[in-house]
Amino acid sequence: FGFAAAVAFSVVTIALTPLLSAHNTTAPLATHLATLVTVLGTILLGFADDMLELPWRYKLIFPLFIITPLLSVYTGPTHITLIAPFSSLLGPTLPLGPLYLLYALLPGIYNTNTINIFAGINGL
């Protein structure tokens with residue numbers, strides 16, 4: 001069931017890409033395509049893990065390459081907002097610069113593996 005939903009999502013998203021990019025002025029085509037590549041790569045990783053039973057070390061390395069296109073088009077702020085105990089020491093925000101991309105990459109790797117583990121525990 002999951003594979004059928006992934007294929008349906010992929011086909012509809014790819015078919016609607018020209019329509020979405022023509023009418024959406026807030027998100028450039030590069031951002032849309034990078035998001036699509038990231039989602040398709042994650043789907044492929046999940047399928048490969050189900051079929052090949054990948055070792056855990058590959059499940060940590062592959063998301064690094066899957067999330068890279070999405071991070072390469074990121075143009076937003078590169079600082080984090082600090083909470084009360086730390087904001088009095090360091091200020092309200094902490095500028096990370098290029099380290100922000102690493103900061104954004106780690107939750108992507110974590111989330112990819114967490115969803116995979118959760119599906120495995122539930123037997124989905």
Side-chain angles (χ1 to χ4, degrees):
F1 180 70
F3 183 70
V7 169
F9 170 80
S10 302
V11 168
V12 169
T13 305
I14 291 170
L16 293 178
T17 296
L19 180 65
L20 292 173
S21 63
H23 296 292
N24 191 356
T25 58
T26 58
L29 182 60
T31 304
H32 177 74
L33 293 177
T35 305
L36 181 62
V37 167
T38 301
V39 170
L40 292 177
T42 305
I43 291 169
L44 182 63
L45 177 62
F47 181 72
D49 182 39
D50 289 343
M51 294 296 121
L52 304 175
E53 297 181 10
L54 297 173
W56 66 268
R57 61 184 168 272
Y58 295 128
K59 295 177 198 175
L60 293 176
I61 295 171
F62 288 157
L64 173 89
F65 298 108
I66 293 170
I67 298 168
T68 301
L70 191 58
L71 293 177
S72 67
V73 297
Y74 181 74
T75 58
T78 59
H79 65 272
I80 56 174
T81 303
L82 301 174
I83 56 175
F86 302 106
S87 62
S88 61
L89 297 172
L90 301 171
T93 62
L94 179 64
L96 294 178
L99 289 176
Y100 186 83
L101 297 178
L102 177 64
Y103 174 76
L105 177 69
L106 294 178
I109 293 171
Y110 171 78
N111 290 336
T112 302
N113 287 300
T114 302
I115 291 169
N116 192 16
I117 290 169
F118 184 66
I121 290 172
N122 287 334
L124 300 175

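The line from CD1 of Ile80 to CG of Leu96 is 5.0 Å long, rounded to the nearest 0.5 Å. Separation of atoms CG (Leu101) and OG (Ser72) is listed at 9.5 Å; rounding is to 0.5 Å. To the nearest 0.5 Å, atom CD1 of residue Ile67 and atom CD1 of residue Ile109 are 5.5 Å apart. The distance from atom CG of Leu70 to atom CG of Leu33, rounded to the nearest 0.5 Å, is 11.5 Å. Here the CG atom belonging to Leu45 is positioned 11.5 Å from the CD1 atom belonging to Ile61, to the nearest 0.5 angstrom. One finds the CG atom of Leu40 at 7.5 Å from the OG1 atom of Thr13 (value rounded to the nearest 0.5 Å).
Under the salt bridge (Lys or Arg N to Asp or Glu O under 4.0 Å) criterion, no residue pair touches residues 93-107, with sequence neighbours excluded. Among residue pairs with one or both ends in residues 57-72, those qualifying as salt bridge (Lys or Arg N to Asp or Glu O under 4.0 Å) are Asp49-Lys59; sequence neighbours excluded. Identified under the salt bridge (Lys or Arg N to Asp or Glu O under 4.0 Å) test for residues 63-85, with sequence neighbours left out: none. Legend: side chain to side chain donor-acceptor pair (under 3.5 Å) pairs involving residues 90-103, not counting sequence neighbours: none detected.
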Q: Verify side-chain contact (heavy atoms from CB on, under 4.5 Å) between Ile66 and Leu44, making sure each step is shown before the conclusion.
A: CA-CA 10 Å; Ile66 293 170; Leu44 182 63; over 6 Å; no
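Residues satisfying the side chain to side chain contact (heavy atoms under 4.5 Å, CB included) criterion with Tyr110, sequence neighbours excluded, are Thr114. Taking Phe9 as the reference, nothing meets the ring-ring contact (aromatic ring centres under 6.0 Å, His included) condition, with sequence neighbours excluded. Evaluation of the side chain to side chain contact (heavy atoms under 4.5 Å, CB included) rule for Leu106 yields Leu102 as partners, not counting sequence neighbours. Ser87 meets the side chain to side chain contact (heavy atoms under 4.5 Å, CB included) test with Leu82; sequence neighbours excluded. Phe47 meets the ring-ring contact (aromatic ring centres under 6.0 Å, His included) test with Phe3; sequence neighbours excluded. Residues forming a side chain to side chain contact (heavy atoms under 4.5 Å, CB included) with Leu89 (at least two apart in sequence, or on another chain): none. Phe62 meets the ring-ring contact (aromatic ring centres under 6.0 Å, His included) test with Tyr58; sequence neighbours excluded.
The two atoms that bring Pro69 and Ala34 nearest to each other are O-CB, 3.5 Å, heavy atoms only. Contact record, Pro18 with Ala15: CD-O, 3.5 Å, taken as the closest heavy-atom pair.
When Val37, Val73, Leu16, Thr17 are each tested for a side-chain contact (heavy atoms from CB on, under 4.5 Å) with His32, only one passes: Thr17.
At a threshold of 4.5 Å between non-hydrogen side-chain atoms, the residues Thr81 and Pro92 do not count as touching. Residues Pro98 and Thr78 have side chains not in contact (no heavy-atom distance under 4.5 Å, counting atoms from C-beta outward).
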